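What follows is a set of notes on a single structure, which appears directly below.
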Amino acid sequence: MYDLAILGGGPAGLAAAIYAVRKMLKTCLVSMDIGGQILLTSDVENYLGFELISAPDLVQKFESQVNQFNLEQFLGEKTARLQSRDGHFLVTTDSGREIEAQSVLAATGKRSRLLGVPGEKEFSGKGLSYCSTCDAPFFKGHPVAVIGGGNSAFEAAVDNLKLAPTVHLINIGDHWLADEVYQKIVLNDPRLVPMLRTTVKEIR
């Protein structure tokens, strides 16, 4: 029986694990990997304390720090089910492992929704990005395409319009779903090329 089971091995989950172990809580970590979304990028420029560090180097530092503590880690495990049992929690992984804990912290982060088109996998991290906040500066001075019609897409368009000569905003629907405040900012920018009723078929 653990005092705390942490689901997720990204920066939030690892930081929580360090705090928990320092508080003398019997803690375990359940995650497919160590690093989370950082593993999807190559270089990191916006992590406090490092002007520039490669993603593998940063993840290695995470691992080194966490491994100083008595933290049991179930890596390569995906949480399949979370349920209540006799006043505590039961975490079941996709491999069938059962973990009992008094408390559970979900630090599972997020994953970007993929387009599922040819070329997407090949160009991920090589000009194709899922984080405008992180990567827009890399595309300074170049035309950019943003795919989507909701708030996230418009936020990405705002980030890129500060740096790009043109931003093509591509939406499969026939109208925009973003909040009006975003639409006023983005759609009135002369560098914005709106493309409604448009489907991305391939990335080359």
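Not measured: the values here are computed from a predicted model. FYI, side chains are in, hydrogens and waters are out, and symmetry mates aren't considered; it's all heavy atoms of this structure.
The salt bridge (Lys or Arg N to Asp or Glu O under 4.0 Å) contacts involving residues 184-200 comprise Asp189-Arg191, where partners must be two or more places apart or lie in separate chains.
Summarising the local packing, CD of Glu51 is surrounded by 12 or fewer heavy atoms from other residues, nucleotides or ligands at distances under 6.0 Å. Heavy atoms of other residues, nucleotides or ligands lying less than 6.0 angstrom from CD of Gln102 number more than 12. In this structure, Asn188 places its CG atom where more than 12 heavy-atom neighbours from other residues, nucleotides or ligands lie under 6.0 Å away.
Between Pro118 and Lys201, the shortest heavy-atom distance links the atoms CD-O, 3.3 Å. For the pair Asp33 and Gly36, the tightest heavy-atom approach, listed with the atom from each and the gap, is OD1-N, 3.4 Å. For the residue pair Arg97 and Phe74, the shortest heavy atom distance occurs at NH1-CE2, 3.4 Å.
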List the atom pairs, with distances to 0.1 Å, where a side-chain N or O of residues 161-172 and a protein N or O form a donor-acceptor pair under 3.5 Å, not counting sequence neighbours.
residue, atom, partner, partner atom, Å
Asn171, OD1, Gly173, N, 3.3
Asn171, ND2, His175, O, 2.9

Just distance, no hydrogens or angles: give the donor-acceptor pairs under 3.5 Å from side chains in residues 136-156, sequence neighbours left out.
residue, atom, partner, partner atom, Å
Asn151, OD1, Asp179, N, 2.8
Asn151, ND2, Asp179, OD2, 3.2
Glu155, OE2, Tyr182, OH, 3.0

Scan the side chains in residues 6-29 for donor-acceptor partners under 3.5 Å anywhere in the protein, sequence neighbours excluded, and list what turns up.
residue, atom, partner, partner atom, Å
Thr27, OG1, Leu25, O, 2.9

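Within the model, atoms CG of Leu75 and CD of Glu63 stand 8.0 Å from one another, a figure rounded to the nearest 0.5 Å. Distance CD/Glu122 to CZ/Arg204: 13.0 Å, rounded to 0.5 Å. Atom CD of Gln60 and atom CD1 of Ile34 lie 13.0 Å apart (nearest 0.5 Å). Between atom CD1 of residue Ile185 and atom CG of residue Leu192 there is a gap of 11.5 Å, rounded to the nearest 0.5 Å. We find the CD-CD distance between Gln83 and Glu98 to be 7.5 Å, quoted to the nearest 0.5 Å. If you take OH on Tyr2 and CD on Glu100, they are separated by 10.5 Å, rounding to the nearest 0.5 Å.
Considering only residues two or more places apart in sequence or on other chains, Glu120 meets the side chain to side chain contact (heavy atoms under 4.5 Å, CB included) condition with Leu114, Leu115, Val117, Leu128, Tyr130, Ile203. Evaluation of the side-chain hydrogen bond (donor to acceptor under 3.5 Å, both in side chains) rule for Ser95 yields Glu77, Thr93 as partners, not counting sequence neighbours.
Under a hydrophobic-cluster definition in which Ile, Leu, Val, Met, Phe, Trp and Tyr are linked whenever side-chain heavy atoms come within less than 4.5 Å, directly or via other members, Leu71 and Met32 are assigned to different clusters. Transitive grouping of hydrophobic side chains (ILVMFWY, heavy atoms separated by less than 4.5 Å) keeps Val186 and Leu177 in distinct clusters. Hydrophobic clustering keeps Val66 apart from Val30 (ILVMFWY residues linked when any side-chain heavy atoms are closer than 4.5 Å, directly or through intermediates). The hydrophobic cluster containing Leu196 does not contain Val200, counting ILVMFWY residues as joined when their side-chain heavy atoms lie under 4.5 angstrom apart, directly or transitively. The hydrophobic cluster containing Val158 does not contain Val193, counting ILVMFWY residues as joined when their side-chain heavy atoms lie under 4.5 angstrom apart, directly or transitively.
Side-chain N or O atoms of Glu202 include none that pairs as donor or acceptor with a backbone N or O of Gly119 at under 3.5 Å.
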